[in-house]
Structures are given as structure tokens and as C-alpha cells.
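Single-structure report; data block below.
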Amino acid sequence: MLNVPSQAFPAPGSQQRAASGGRNKVPLKQGRSLMDWIRLTKSGKDLTGLKGRLIEVTEEELKKHNKKDDCWVCIRGLVYNVSPYMEYHPGGEDELMRAAGSDGTDLFDQVHRWVNYESMLKECLVGRMAVKPVVVAKENHEKKLLNGILFKSQVPDLPAKEISPSYDWFQTESLVTIVIYTKQKDMDSESVIVDYQDGCFRAEIVIKDYSYLLHTELSHEIQEDITVRVAEKTGKVEIVLKKKDNVSWKYLGHPLENHNSFTTQRETGLYYRKCQLISKVDVTHDTKLYCLMLPPGTHLQVPIGQHVYLKQTITGTEIVKPYTPILETLHSNLKESHHPNNKYIYVMIKTYHTGLFTPHFDCLQIGDCVFLSNPEGTFKKSQLQELEELFLLAAGTGFTPMIKILNYALTNITNLRKVKLMFFNKTERDILWRNQLEQLADKERRFEVEFVLSEPTCEWTGKQGRISLPLLSEFVKRSLEDSRVLICICGPASFTEQGIRLLKDLNFSQEEVHSFTAE
Ligand code: FAD
Ligand code: NAD
């Protein structure tokens, strides 16, 4: 049964905890799983107490609804009656009550901005906040503030050095080139995400924690193959569009929401595009490698160490979970890819038969579609520069972020002397890409892999147990006293938390340890 309540839940290593960035979750009562919530929202029950009527809510009104059995919360200008949801909330009632009778947008964004609350809470929608004009002192003119949310393109708290990018465009008979002056050094094509669908053009340029957005309904049709060029030294980005008809364009297009805005990534929100499932191949008894094809008008590369969110509609509700794109194989730089051109995203996903998302995902047929978000994550390639030794501690599917890191480090970091992976699994049959890892270790003298099993059979002669001080102190030894090292750790939340504590005890600094979780 899905969500069988147990005192042990969230099991210290359960996905539920990791997926929430290591936040503790409360045990849910029987019949209060996410699936039970979805069922309740489909039952036709009046969950707002307003019989489907939507109202305009003033701040005074919102404040009055601040009790558990009468709790309204505003998220991005929309007000929800969350009382019926209290018992189903994985973070518990107390966490929801922190936003009772007020604007919970910031709290929500801090904890799980990727959760699709619009879909999850649609039956709890009470209405919109009443808009009230507010004078913003600094700007010297009046702007509308919607319950604390300043309309985009006006970001008051940008650090002075983050000067807003600008754009221009020009055309030839057959091409339209959009030029974005980011005024940033070290830009690369991973920082540019372009989508063209149904006449709408969207380009997001990621600059540290900010996004510059171009969003417009183009004045004319274009072909779907879009070229992106980035001049790393000047930060100039060129996006070349091929006209469908060789006519002169008088203007680029009609601006759409947030066009020409420069805001924090958090405010920009996650953008999804529809991808097609191209193949699925068994990796182990419960894990598969799935290949997703991006739409033809999309330019998107997932930086190493970052994850994306996949979204599917399950029983009428949009469900979102994070996954870490990987390479097609561990030796992909040596092997011709089946699917070249950056048009494909590979994800390795373990199916939990009692889980919410993965059983549905695994039922997708070749040709079916799933929505995929822009990448997110805190890992920076620069953490690998100048590195001499890299230690990777992975448990279960926590191996996924290690794949690109391992490959990148071995192919690009010239000073690197050693990469060691300690891979924790329950049993031998759970080890992901064991053959590939062993082959790589045979071929590449700088790479070593060690498998550790927590539930081995008596034939297993390798290391046993869970993450522990004796295991780590032997494994993560610097070969030279002043070696520049990085330790990456990923797995169930408890594994990661424990690992971080142990590494601290072993005197590794915070900068020397990178742990992977959802933000
Ligand atoms: P869930 O519904 O979350 O259930 C998982 C398990 O917990 C099931 O066994 C279920 O029975 C149990 N459970 C759920 N609720 C309860 C309850 N109330 N009481 C008791 N038991 C319960 N996974 C991958 O496979 N590959 C990746 O590349 C990957 N990348 C990730 C990247 C990030 C940044 C993060 C945070 C997670 C990543 N994950 C990855 C994990 C992934 O996001 C999902 O958590 C995972 O796929 C499980 O989702 P699910 O909805 O199928 O299962
Ligand atoms: P699993 O249950 O098969 O366990 C694998 C190993 O993890 C075990 O053999 C054990 O050594 C260790 N482990 C499990 N529970 C532990 C605990 N409570 N304390 C200490 N060690 C423990 O793992 P799985 O089902 O493959 O789950 C992988 C986890 O990794 C998921 O929680 C997933 O959300 C997380 N993950 C996170 C990211 C990320 O944050 N970027 C990426 C991928 C996977």
C-alpha cells in the first residue's frame, strides 16, 4: 500500500526526506498520503467552504484565518484554505501554520518552490488577493504591489555589481540574430536556455543566482533549429533564428510575461517543456536508464552536478520530482553516442512500487511525453578546477550526480591524481553500472572503485556495512598532506547527513565537502 504509516517514517533514508532537501518530515496518519489527498480533491467535496465561489481577499480578511481549522495562506497572490490539507502535509501542521493568515510565498520558496502547489491545492483556492497600490519610496513613482510581490523586471535588491543585461536584434534575408550583452565573464552555453514553441520564444540566461529573460511572441514564424553562440570572454550571447519565410521583420515580437526582466532565479520560477520518451533500458532489477528527447526548438544542457524536475499528471494532479541527468554511458567520451547533438537527456531512475511518481513514470511507453524543467543545483564546475584528489561517496541512486562529475574530472582536470568512488548499496544486484565502473577502473589508473554492501550474501568478500568512521577514515585519506581535495556525497538523507558529520570529525573543511540535495 502506498504510504503505509509507520513509526519509522520517514525512514531515516527515505526519499521523502531527501527530496525535501533533508527537511525532517512528520509521520502521516493512515489514509493521509499524497495519493489519498489527490483522491479527496477529486471527490467533489467543498474544501474551501465557499462552494466553489472565488473571492477577492483583503489583507485584513486573510489575517483573520489563522487557526488550524480555519487557515488561509497566500502564495504568489492566490489565497488557499489549507485546513483540509493539514493532515496530508508531509512537513506537518506546524510548518503550514507558520504561514497561517499571511503571505507564505517566501516560506514556500525556501522549502519547496518546485512543488506544484497550484495543482495540489487547486480545490482549496479561495481567491485572489485584492491588489492595492503601494508607493515604493526608492523608485520615486508608484508601482503596484500584489501582496508583497513586486511585479517583475523591478528587482530592488540586485547587488550593485549585477548590472542588468540588455539585448538587441538584427536580421539578414534568412536569419534573425538576437544578441544579449550579459556583461559577464565566463559565460558558457550551459547558461543559455532557449525554447521556441507555438510561436513563443523564450530565452533564459542564467547569471549566478539571477536570470535574464527574453519572452516574446515572435512577429513571424521561424524554423525550429536554433543556434546558440556564446563569447566566453565578453559574455555576448547570440541566438540565431532561421526565418521560415525570407521577409523583412519590422519588429521582433509582442512581449510576453516577464520579457526583458532580470530577477532572481527563484522569482523566475521553473519552466517546463514537453519531452518525449525515446528509450528505456534495464540497469538493474528495479532501475532503468531512460532517454528523453527535448523538443526541436529547445536548447538546454544540464550542467554537471545539477538536477531537473520531471512532471507528470497522476490521477489529474501534477506531480513533480527531482532527477539528476547523467551520461548515456560512463565512457561516453570514448564511445560514439547513439543520440548526438545535445537533444537528449538521460536519467537513471529507480522504481519504487509503492511510490507515487516512479511507477507511473515507468509505465510510460516509448513516444509518450513528460515535462522537464530547467536545471537547478548548487554544484559549480569551478569546484573541480585545480583539484588533485576527488572522493565520491554514493549510496543507491545517489550515484547519479557522480557520473558526470567523474567523467568531467577524468577528462578535464589536468592536475588530478586520483578519483575514488565508494559506492554503498544493499546487495550486489543493486549496484548500478558495476561493469562499467570496473572496466573504467581497469583502464584508467587514476580511478578506483570500492563497493560496500549493507545486506550482502555470505558469498560477498568485499566491504560490508553502512557509512562509518572506520570506512571513511581509511578511504578519504589525502595522498599528500596538502593535497587539494573535494569530497562529493549523495544518497538517502540519513546517509548524507551522517557522512557530512563524519567528514567534519575527520577535519575536512566545509569547502572540501559537497553534498547533493534538492534546494
Ligand atoms: P515516493 O512516493 O516518494 O515513495 C518512495 C518510498 O517511500 C516508497 O517505498 C514509499 O512506499 C515510501 N513512502 C512514501 N510515503 C510514505 C509514508 N508516509 N510512510 C511510509 N513510507 C512511505 N532518484 C532516482 O532514481 N534517480 C535520480 O537521478 C534522482 N535524482 C534525485 C535528485 C535530487 C536532487 C533528489 C532530492 C532526489 C533524486 N532522486 C532520484 C529521488 C527522486 O526524486 C524520488 O524521490 C524517487 O524517485 C521516489 O519518488 P516516488 O514518488 O516514486 O516515491
Ligand atoms: P537504498 O535504500 O537502496 O540504500 C542504498 C544504501 O544507502 C544502503 O545500502 C546503505 O548503505 C545506505 N543507507 C540507506 N539508508 C541509510 C540510513 N538510514 N543511514 C545510513 N545509510 C543508509 O537507496 P536508494 O533507494 O537508491 O535511495 C537513494 C537516495 O538518494 C534517495 O533518497 C534519493 O532521493 C537520493 N538521491 C539524491 C540525489 C540528490 O540529492 N541530488 C540524487 C539521487 C538520489
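We count residues from 1, following the sequence as given. Note that the structure is predicted; figures quoted are calculated from it, not measured. Each ligand, and each atom within it, is numbered from 1 in the order the structure gives.
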For this session: Could you tell me whether F399 approaches ligand 2 through its side chain, its backbone, both or neither, with non-hydrogen atoms closer than 4.0 Å?
Result: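 No part of F399 comes within reach of ligand 2.
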For this session: Using a 4.0 Å heavy-atom cut-off, say whether H307 meets ligand 2 through its side chain, its backbone, both or neither.
Result: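 It is neither part, as no heavy atom is under 4.0 Å.
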Exercise. Can you check whether T517 has an N/O within less than 3.5 Å of an N/O in ligand 1?
Worked result: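 The answer is no, given that T517 and ligand 1 share no N or O pair closer than 3.5 Å.
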Exercise. Looking only at N/O atoms, are T324 and ligand 1 under 3.5 Å apart anywhere?
Worked result: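 Between T324 and ligand 1 (N or O atoms, distance only) the closest approach is under 3.5 Å.
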Pick whichever of [options] has a heavy atom sitting closest to [atom].
| atom | options | result |
| --- | --- | --- |
| atom 1 (P) of ligand 2 | R466, M402, K350 | K350 |
| atom 14 (C) of ligand 2 | P492, C490, A394 | P492 |
| atom 26 (O) of ligand 2 | T397, I349, L453 | T397 |

Exercise. What atoms of ligand 1 come within less than 4.0 Å of a heavy atom belonging to H307?
Worked result: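 Every atom of ligand 1 under 4.0 Å from some heavy atom of H307: 34 (C).
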Problem set entry | Atoms of ligand 1 close to T400 [distance to a heavy atom under 4.0 angstrom, numbered from 1] |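 Counting atoms of ligand 1 from 1, those under 4.0 Å from T400 are 27 (C), 28 (O).
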Exercise. Restricting to pairs with a member in residues 298-317, which pass salt bridge (charged side-chain N to carboxylate O under 4.0 Å, His left out), not counting sequence neighbours?
Worked result: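 Sorted result for residues 298-317: K311-E318.
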For this session: With heavy atoms only and a cut-off of under 4.0 Å, state how M348 meets ligand 1: side chain, backbone, both or neither.
Result: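 For M348, the contact with ligand 1 is made by the backbone alone.
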For this session: Just let me know how F357 lines up against ligand 1, side chain, backbone, both or neither, with a heavy-atom cut-off below 4.0 Å.
Result: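 Contact part for F357 vs ligand 1: both backbone and side chain.
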Exercise. Residues two or more places apart in sequence or in another chain: which of them pass ring-ring contact (aromatic ring centres under 6.0 Å, His included) with F451?
Worked result: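 None.
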Exercise. Salt bridge (Lys or Arg N to Asp or Glu O under 4.0 Å) with E388: which of R446, R478, R417?
Worked result: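 Among the candidates, only R417 passes.
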